[in-house]
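Presented below is the structure to which this report refers.
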Amino acid sequence: MTNGLQNSEVPIRVRIAPSPTGDPHVGTAYIGLINFIYARQRGGKFVLRIEDTDRVRFVATSEQEIFNSLHWLGLAWDEGPDVGGPFGPYRQSERTEIYREHVELLLANGTAYRCFCTAEELEIVRRQQIAAKLPPRYPGTCRHLSAETEQANLAAGKPFVVRMAVPPHARNATTSTTFRDELRGDITFEHSNVDDQVLLKSDGFPTYHLANVVDDHLMQITDVIRAEEWISSTPKHVLLYRAFGWQQPRFWHMPLLRNLDKSKISKRKNPVSLIYYRQAGFLPEAVINFLGLMGGGMPESGGPVAEKFSLGEMVERFEVKNIRLGGPVFDLTKLKWLNGEYIRAMSSEDFYAALRSTVLGDTYLREIASLVQTRVETLGEFGNLTHFFFADDILPSAEVFVPKKRTLEETLAFAAEQLTVLESTEWSKETLEAALKKLGEEKQWAVKENFMLLRAIVTGSTMSPPLLESMVVFGKARSLDRVRRFLEAQKKLSGSKK
RNA sequence: GUCCCUGUCGUCUAGCCCGGCCCAGGACACCGCCCUUUCACGGCGAUAACAUGAGUUCGAAUCUCAUCGGGGACGCCA
């Protein structure tokens with residue numbers, strides 16, 4: 001059994017493959033950091049590939065934000081959609097023809113098959129299986145369709161997906177797949193636990209599994225360094241490498257960053273947007289340093305010597321092999337301390353410059369100024385109206401945020417609804433207005449109550465510059481964070497009363 | 001439910017691979033003291049962990065097994 005590329009002559013190539021489905025994620029930065037270090041230490045190449053095969057969740061601005069955030073952190077890539085490279089294109093939506101050709105290969109050699117089941121049919125089956133406490137699996141309906149039936153379906157123009165035919169096949173009776181995780185050793189999955197994964201969706205786009213394997217091979221990736229959540233789909237990937245007759249890369253699965261309650265890090269329980277960290281005034285050096293602390297990896301981290309180190313020092317001394325496997329809690333408390341350390345270490349000139357380029361940035365100030373010009377009588381009043389743009393914590397009291405005719409309880413419930421709506425809304429005045437009004441109608445909240453509540457949460461007061469415009473200027477990431485913190489704080493309050 | 005991963009202070013971790021130097025070290029947070037007109041910084045100190053149980057061994061945080069806990073995956077998302 002081959003366990004990845006063992007030949008040290010082969011130049012090291014690694015990649016990160018974020019999806020442009022929202023704000024750039026702190027997890028992407030973590031995996032990016034490890035990949036970056038690994039490549040730099042070995043004179044290898046670090047590739048950025050955009051996995052935009054999910055057209056439903058696609059967000060147009062996301063890709064650029066990913067670029068910006070990674071640049072901000074100093075994680076420069078050698079090949080990618082913006083800088084090009086010899087293995088392009090680096091955007092999967094531009095590679096659909098490649099995937100289709102490769103699917104044909106699998107179809108031809110019997111390791112994949114067309115499936116005409118509809119999503120609705122399969123959903124019913126899945127529910128039944130779960131209800132019967134059975135593991136949800138594809139029932140195999142289309143796996144052995146006769147050539148005639150398949151042709152008839154095709155001729156009738158029935159939509160189909162292409163699924164992977166997980167062994168045993170007639171001639172290949174392998175019943176399990178073992179692969180090596182460089183951090184954990186051998187991991188084995190029985191094939192009865194590996195589902196016939198969809199490889200090509202009915203819209204003609206590949207799923208992650210297919211696109212990922214094809215691209216990693218074509219881009220000559222030697223080491224797949226990704227998050228632990230991929231372990232259970234790795235056997236599918238290994239099977240695909242074999243189906244194509246390709247050599248597989250090494251697999252390294254990094255521990256998952258966690259919330260305080262140990263669950264996988266999520267936006268509901270933690271700020272996960274890199275945009276948030278930048279706008280809230282975290283320094284890239286501190287964020288990188290903190291990420292480097294996650295899981296250990298620096299010989300002296302945790303030891304008596306240093307907790308503070310730079311990207312450059314990590315490239316010199318970090319050991320990916322030494323990463324601890326227990327999922328580290330992403331604890332803002334320590335990040336904040338670290339950030340403070342970096343701030344204190346700056347020259348006063350640098351500190352001032354940092355302020356001017358972020359929380360007192362020209363664009364930001366200009367936008368805020370335009371919101372308050374008609375609302376001040378002296379320039380000195382500027383601060384009175386705008387302090388919430390510059391504060392980190394805004395926590396209105398119940399007298400302020402609970403509308404007259406509402407109870408605290410229903411107000412908080414509605415605020416939670418607002419948050420949900422805000423999360424999935426494009427960040428512009430018009431879209432926000434429409435979305436919030438729609439919610440208000442559904443829940444029987446008057447526009448006035450609706451907006452007053454949000455105003456109180458975001459600005460700390462019932463009197464403020466125009467709410468929606470302010471939120472647009474303040475930014476989605478920070479606005480959402482403010483609402484989440486508000487809800488969190490209220491939850492704690494009610495908990496302590498009982 | 002099924003499968004997989006994982007388990008040292010509240011949190012990040014050192015030690016674990018190559019058993020004794022570990023009645024477990026550092027950092028953050030918390031608490032106390034000092035400095036200080038305030039706050040912060042800084043200095044000093046305190047509390048705090050080897051999940052549990054067996055086994056191997058002269059000796060186990062370190063090796064083995066079991067149990068328990070935590071997490072992830074099970075999607076025409078990635």
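Residue numbering restarts at 1 for every chain, and letters A, B, ... go by the order of the sequence lines. Quick caveat, the model's predicted, so the values are computed rather than measured.
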Query raised in the report: Around A:Lys201, counting heavy atoms of other residues, nucleotides and ligands shown, do more than 12 lie under 6.0 Å from its NZ?
Result: yes
Query raised in the report: To the side chain of A:Asp331, which of B:A27, B:A78, B:U11 is closest?
Result: B:U11
Query raised in the report: Is A:Glu120 touching bases, backbone alone, or none of the nucleic acid, heavy atoms closer than 4.0 Å?
Result: nothing
Requested in this report: May I ask you to verify if any side-chain N or O of A:Lys201 is less than 4.0 angstrom from the OP1 or OP2 atom of B:A78?
Outcome: yes
Report task. Choose from B:C28, B:G1, B:C12 the nucleotide whose nearest atom is closest to any side-chain atom of A:Pro136. Result -> B:G1
Requested in this report: Select one nucleotide: of B:U13, B:A78, B:U11, the one nearest the side-chain heavy atoms of A:Asp54.
Outcome: B:A78
Query raised in the report: For the side chain of A:Glu229, counting heavy atoms from C-beta on, which of B:U6, B:A73, B:C3 is nearest?
Result: B:A73
Query raised in the report: Can you find an N or O donor on one side and an acceptor on the other, under 3.5 Å apart, linking the side chain of A:Ser232 with the base of B:C4?
Result: no
Query raised in the report: Among the nucleotides B:A73, B:A78, B:A29, which one has an atom lying closest to any side-chain atom of A:Thr333?
Result: B:A29
Query raised in the report: Counting only N and O atoms by type, is there a donor-acceptor contact under 3.5 Å from the side chain of A:Thr149 to the main-chain atoms of A:Leu145?
Result: no
Query raised in the report: Rounding to the closest angstrom, what is the interatomic distance between B:C44 and B:A29 at atom P?
Result: 15 Å
**Report entry** C1' spacing across the pair B:C68 / B:A51, given as an integer number of angstrom
**Finding:** 7 Å
Query raised in the report: Expressed in whole Å, how much space separates the C1' atoms belonging to B:C35 and B:G45?
Result: 15 Å
**Report entry** P-based separation of B:G75 from B:C31 [nearest Å]
**Finding:** 47 Å
Requested in this report: State which of B:G26, B:G15, B:C4 makes the closest approach to the side chain of A:Lys334.
Outcome: B:G26
Report task. Using both distances under 3.5 Å as the test, list the Watson-Crick or G-U wobble partner of B:C23, or none. Result -> none
Query raised in the report: Ignoring hydrogens and geometry, is there a side-chain-to-backbone donor-acceptor pair from A:Arg324 to A:Met294 under 3.5 Å?
Result: no
Requested in this report: Take atom CG of A:Leu293 and atom C1' of B:G26, then tell me their distance rounded to the nearest Å.
Outcome: 11 Å
Query raised in the report: If only atom types and distance count, is the side chain of A:Asn289 paired as donor or acceptor with the main-chain N or O of A:Glu307 below 3.5 Å?
Result: yes
Requested in this report: Look at the side chain of A:Ser263 and decide which nucleotide, out of B:G72, B:C76, B:C5, has an atom nearest to it.
Outcome: B:G72
Report task. Please determine if a side-chain N or O atom of A:Arg126 lies less than 4.0 Å away from the OP1 or OP2 oxygen of B:G75. Result -> yes
Query raised in the report: Out of B:A78, B:G70, B:C41, which has the shortest distance to the side chain of A:Arg57?
Result: B:A78
